[in-house]
Protein chains: 2
Amino acid sequence: MTPAPAIGEVGEYSWHNAKQRLRAAGVRPTRQRVTLVWLLFRNGPRHVTAELLHEEAAKARVPISLATVYNTLHKFTAAGLLREVAVDGRQRYFDTNTSEHHHFLIEDLNGLLDAPTSDLLAVRLPTPPDGYETVRVDVVFRLRRKREAASRIGVELGGN
Amino acid sequence: MTPAPAIGEVGEYSWHNAKQRLRAAGVRPTRQRVTLVWLLFRNGPRHVTAELLHEEAAKARVPISLATVYNTLHKFTAAGLLREVAVDGRQRYFDTNTSEHHHFLIEDLNGLLDAPTSDLLAVRLPTPPDGYETVRVDVVFRLRRKREAASRIGVELGGN
DNA sequence: TTAGATGCAAATGGTTTGCATGCGT
DNA sequence: ACGCATGCAAACCATTTGCATCTAA
């Protein structure tokens with residue numbers, strides 16, 4: 001649990017940073033929201049579900065009701081702090097990486113991983129139907145374990 | 001409601017065709033299943049939700065319980081007759097087109113459309129993490145209405 | 001005859017909502 | 001003080017499940 005420096009940030013991520021990020025986004029920094037921002041951004045990019053964040057807040061000694069976690073996640077998304085990723089019919093993920101990028105979906109673990117953009121993938125936009133425009137492209141690579149379990153993945157998902 | 005010839009099929013789609021398709025797939029052709037196959041394949045490729053199919057069956061005077069519709073849809077998918085498409089967090093779609101292709105998702109109508117494969121889109125596979133293999137790639141183009149409503153779309157969705 | 005299919009209702013699970021109370025400005 | 005934020009429980013909605021009853025082979 002070494003606090004690795006967040007990508008795009010330098011050094012540790014403080015309570016104060018969290019507050020500033022909220023103000024900058026025009027969101028009122030309440031105790032719960034600051035907590036969530038802190039949990040979300042202190043350790044670099046990650047994907048969370050509402051359920052997971054709810055548990056983490058509890059562990060961090062700042063219990064937040066599940067309903068508030070949902071409300072907050074949506075508010076953050078509207079404010080541009082998060083990106084919603086709807087890849088499977090079950091649950092929704094929220095991604096702290098708001099830039100255009102794509103995902104691996106691990107089927108058995110039901111976890112998300114960023115697809116490396118280094119492996120540049122080219123998607124040519126098909127022409128949308130009349131009167132409509134493409135506002136977003138989501139590419140999901142569904143992964144399945146080859147034969148023996150790859151232990152590394154479990155670890156990566158835990159933090160991502 | 002002109003019965004357009006199905007793509008890949010010639011002429012009208014009969015009850016008998018439906019039964020054959022089921023037998024060929026190794027699925028026991030019960031009355032309900034034949035009805036569903038008929039509803040699904042008589043008019044070319046389409047996307048359905050369980051709810052929608054359930055209503056159609058009722059209208060077709062062959063009421064089928066919603067639970068059975070779900071069971072059947074899954075059985076069909078396992079038998080390779082359908083392809084499940086999970087693109088948004090709400091509901092699941094089943095696609096009669098089982099080949100590799102991608103989709104337009106109309107945000108406001110919450111409807112699916114096949115993305116024309118003619119506009120050949122190239123997706124370079126990023127290397128999956130150790131021990132995993134990519135089993136499927138889904139590309140979803142989220143569409144939003146430009147300004148004035150495009151009436152044609154509503155029609156297309158009705159049949160697709 | 002019998003394994004498998006169906007229907008119903010109840011359970012599930014993620015997400016949303018209504019409303020009374022609390023808190024940031 | 002004011003208005004938005006929070007918490008709780010109940011509502012919601014798509015989907016699944018358990019079980020008794022049918023039905024295709």
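Each chain gets a letter, A, B and so on, in the order the sequences are listed, and its residues count up from 1. Here the structure is a predicted model, which is why all the values come from computation and not from measurement.
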When we call it a touch if two heavy atoms are under 4.0 Å apart, what does [X] touch: a base, just sugar-phosphate, or nothing?
X: B:His74; answer: sugar-phosphate
X: B:Ile64; answer: sugar-phosphate
X: B:Arg31; answer: nothing

Is the positively charged end of A:Arg21 above the ring of A:Phe41, judged by distance under 6.0 angstrom from the centroid and angle within 45° of the axis?
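Flagged: A:Arg21 positioned over aromatic ring of A:Phe41.
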
Check this one for me: any side-chain N or O of [X] less than 4.0 Å away from OP1 or OP2 of [N]?
X: A:Gln32; N: D:dG7; value: yes
X: B:Tyr70; N: D:dT15; value: yes
X: B:Thr68; N: C:dG7; value: yes
X: B:Arg33; N: C:dA5; value: yes

Separation of [X] atom [atom1] from [N] atom [atom2], in whole Å?
X: A:Leu73; N: D:dT6; atom1: CG; atom2: P; value: 12 Å
X: A:Glu51; N: C:dT12; atom1: CD; atom2: C1'; value: 13 Å
X: B:Glu55; N: D:dA14; atom1: CD; atom2: C1'; value: 13 Å
X: A:Leu53; N: C:dT15; atom1: CG; atom2: C1'; value: 15 Å
X: B:His54; N: D:dT16; atom1: NE2; atom2: P; value: 15 Å
X: B:Leu52; N: D:dA14; atom1: CG; atom2: P; value: 12 Å
X: B:Glu84; N: D:dA14; atom1: CD; atom2: P; value: 16 Å
X: A:Leu66; N: D:dA10; atom1: CG; atom2: C1'; value: 14 Å

To the side chain of [X], which of [options] is closest?
X: A:Ser65; options: C:dT25, D:dC8, C:dT15; answer: D:dC8
X: B:Arg90; options: C:dC8, C:dT16, D:dT15; answer: C:dT16
X: A:Arg28; options: C:dT15, D:dT15, D:dC4; answer: D:dC4

Any B:Leu52 side-chain heavy atom under 4.5 Å of B:Arg46 side chain
yes

If you compare all heavy atoms of B:Val62 against all heavy atoms of B:Arg31, which two are closest, and at what distance to 0.1 Å?
CG1-NH1, 3.8 Å

Nearest-nucleotide comparison on DNA chain D, the residue closer to the 5′ end among B:Asn71 and B:Thr30
B:Asn71

Between A:Tyr70 and A:His54, ring centroids under 6.0 Å:
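So the answer is no for these two rings.
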
Suppose we screen for ring pair (Phe, Tyr, Trp, His ring centres under 6.0 Å). Which residues come up paired with B:His103, at least two apart in sequence or across chains?
B:His47, B:His101

